[in-house]
Novice: 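Would you mind keeping the following structure in view while I ask a few things?
Per chain, numbering begins at 1; letters A, B, ... match sequence-line order.
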Amino acid sequence: MITPLKALRKNRFKTGLIFMSMSVSIAAIFLISAIATGVVSMYSAMLKTDGDIIVTQRGIADTFFSDINRSLTQTIGTMEGVKEVSALILGAAPVDPLPIVGIYGVSESRFHSYTLIEGHYPEAGEVMLGSKIYDTLKHPRTIALSKKEFHVSGVFKSPIGFEDGGVVMGIDDAGRLFHKSASIFLISLNDLGKSDTVVGEINALDGSCEAKTTDSFIDSYNQFKIIQTSSDVIAALAFMMGILGIVSMMSMVVNDRKAEFGIMRSIGLSTGTIIVRLLSETLIISIAAFLVAWGVSEGVLELIKHADKFQGYINGEITAAMMLKVFIVSVIMALAGTLLPAVYASRIDPMSLISKGCQ
Amino acid sequence: MIITANALEHFYGSEQVLRGVDITINPGEFVAIVGESGSGKTTLLSILSTLLRPSKGEVRYDGLALDGWGNIDRFRRHNVGFVFQFHYLIAYLTLRENIALASLPDHAHQIDPLMERLGIERLGGRYSDEVSGGERQRAAIARALINHPRVVFADEPTGNLDTKNALGVYELFARFSLDGTAFVVASHDKKIADFADTIIEMEDGVVKKITQR
């Protein structure tokens with residue numbers, strides 16, 4: 001352990017470059033994965049609040065485009081095992097000076113899921129604001145949505161960034177604003193064991209609707225898949241860039257230290273020993289780079305979370321599972337990037353140490 | 001260990017640098033290979049030391065061809081030591097660590113006594129850029145000797161040393177050869193003749209003369 005550390009210290013300039021290259025790559029992987037996970041988990045959490053089953057318009061690509069008949073909630077509410085049905089309208093609109101804000105029209109029964117910290121739940125012509133947007137808009141008394149003024153009745157706090165940076169209003173007002181009856185129904189059950197039966201009954205009730213358990217909806221939701229796939233592709237690119245950075249830097253390192261590896265070969269150190277020595281050097285760098293990238297990523301995510309520009313909608317989340325995954329990826333990146341230069345180093349001909357031209 | 005070279009020939013591309021060299025090196029023998037630049041002495045040293053395969057002919061250690069010794073890295077580590085013109089000490093390791101790097105586990109306890117014999121016992125914790133050229137070369141010699149090799153090959157080991165230090169290196173070779181380690185040294189330096197048991201004079205890839213003292 002000491003020898004690789006000494007080697008790194010001796011070659012501190014190139015060690016620093018490798019460290020920075022790895023840190024940036026790992027931080028990029030962390031950030032893109034964390035943001036994607038954060039977006040998915042925020043939206044999932046929103047849907048899961050009092051929602052064991054979710055009903056949308058059949059075949060729509062995004063819940064924002066969904067339009068279903070709110071009157072169905074009465075029939076669904078009478079089904080066996082159903083505890084509560086809420087209708088939601090999910091929309092977005094500009095709220096000066098913000099270019100886009102999430103608007104949630106909810107039925108009265110769902111108001112209780114928002115923790116009021118000021119004022120009261122909205123009545124007709126009123127809205128309540130998430131604490132984040134309330135601060136961003138500097139505590140307004142009214143807001144304008146589609147040229148219509150709404151009185152701010154209260155402020156709520158939500159751990160879900162989309163909600164905390166959004167506007168909640170009664171579903172009737174939202175229906176008039178977005179010209180639809182409801183986007184989705186969220187159904188909570190008395191008995192989760194009956195979810196399949198209830199899903200079947202709802203799907204039989206109206207062919208234009210599609211009911212799914214919330215977990216199944218989240219698993220199959222195209223938007224989540226697109227976000228996840230995009231994040232995986234960008235993370236893979238960052239990984240490849242990291243590997244290429246390490247390969248090129250390590251090749252230079254090996255070239256600089258040719259005599260060192262030649263002497264190791266001449267004193268009989270095996271090729272495996274030389275490869276392991278170089279791998280252990282980059283392994284040390286990768287562990288340090290991982291820790292720094294983690295810290296930097298947490299810092300950047302915190303900044304993004306509180307940046308007014310993002311309205312709290314980008315709320316990255318670094319989970320323990322992600323940490324483990326990124327750590328493994330970092331180690332693989334280090335080892336894969338070092339392997340070729342290390343193999344080259346292990347094959348350096350000790351003859352190169354004997355001055356040329358002295359035949 | 002007796003090293004025998006039979007009918008060695010070697011080419012770099014179309015240029016022939018060794019032409020039918022036959023030599024024998026006995027245990028504890030101090031052999032100097034001398035000759036002008038281009039005479040083939042470094043190539044001969046490289047072939048004898050297992051670093052280079054001859055184009056033709058063969059080298060035998062104790063009558064056994066090199067292929068018969070199995071893993072060449074292992075063979076080198078146990079039987080052969082090298083001293084180069086440039087000390088090639090690893091800069092980020094102390095002198096002692098450089099010697100330890102080459103040491104087999106069961107020879108590690110001999111590092112300090114060996115450094116003492118070479119007069120560098122107080123420099124073990126220093127780095128190569130903190131000692132003189134002569135001291136560096138002594139550390140390089142210690143690294144070559146730590147595993148009690150049967151033979152040490154040295155290529156122009158005094159090329160970067162002043163006369164006093166150069167003579168000191170030859171003296172060391174002569175002294176350690178008494179322990180049974182053979183030394184094969186390629187050199188331009190004529191003073192080596194005062195210390196070597198055998199002088200092999202090379203010219204145009206041919207052994208021109210062998211002188212036994």
Novice: Can you establish whether the number of heavy atoms outside B/I72 located under 6.0 Å from its atom CD1 is more than 12?
Specialist: yes
Novice: Compare every heavy atom of A/I267 with every heavy atom of B/R77, then report the nearest pair and how far apart it is.
Specialist: CG-O, 3.4 Å
Novice: Given that the side chain runs from C-beta out, which part of B/F153 has a heavy atom under 4.5 Å from chain A: side chain, backbone, both or neither?
Specialist: neither
Novice: Against chain A, work out which of B/R76, B/H10, B/H78 has the most heavy-atom pairs shorter than 4.5 Å and name it.
Specialist: B/R76
Novice: Can you tell me how far CG of B/N71 sits from OG1 of A/T271, rounded to the nearest 0.5 angstrom?
Specialist: 8.0 Å
Novice: With a 4.5 angstrom heavy-atom cut-off, is it the side chain or the backbone of A/L269 that approaches chain B, or both, or neither?
Specialist: both
Novice: Let me confirm one number: the CG-OG1 distance from B/L101 to A/T3, rounded to the nearest 0.5 Å.
Specialist: 7.5 Å
Novice: Is the closest side-chain heavy-atom distance between A/S266 and B/Y88 below 4.5 Å?
Specialist: no
Novice: Does A/R257 use its side chain to pair, donor to acceptor, with the backbone of B/I90 at less than 3.5 Å?
Specialist: no
Novice: Should we count CE of A/M241 as having more than 12 external heavy atoms under 6.0 Å?
Specialist: no
Novice: Please report the interatomic distance CE(A/M264) to CG(B/D73), rounded to the nearest 0.5 Å.
Specialist: 13.0 Å
Novice: Is it the side chain or the backbone of A/R9 that comes within 4.5 Å of chain B heavy atoms, both, or neither?
Specialist: neither
Novice: Of all the heavy-atom pairs spanning A/K6 and B/Y92, show the shortest one and how long it is.
Specialist: CD-O, 3.4 Å
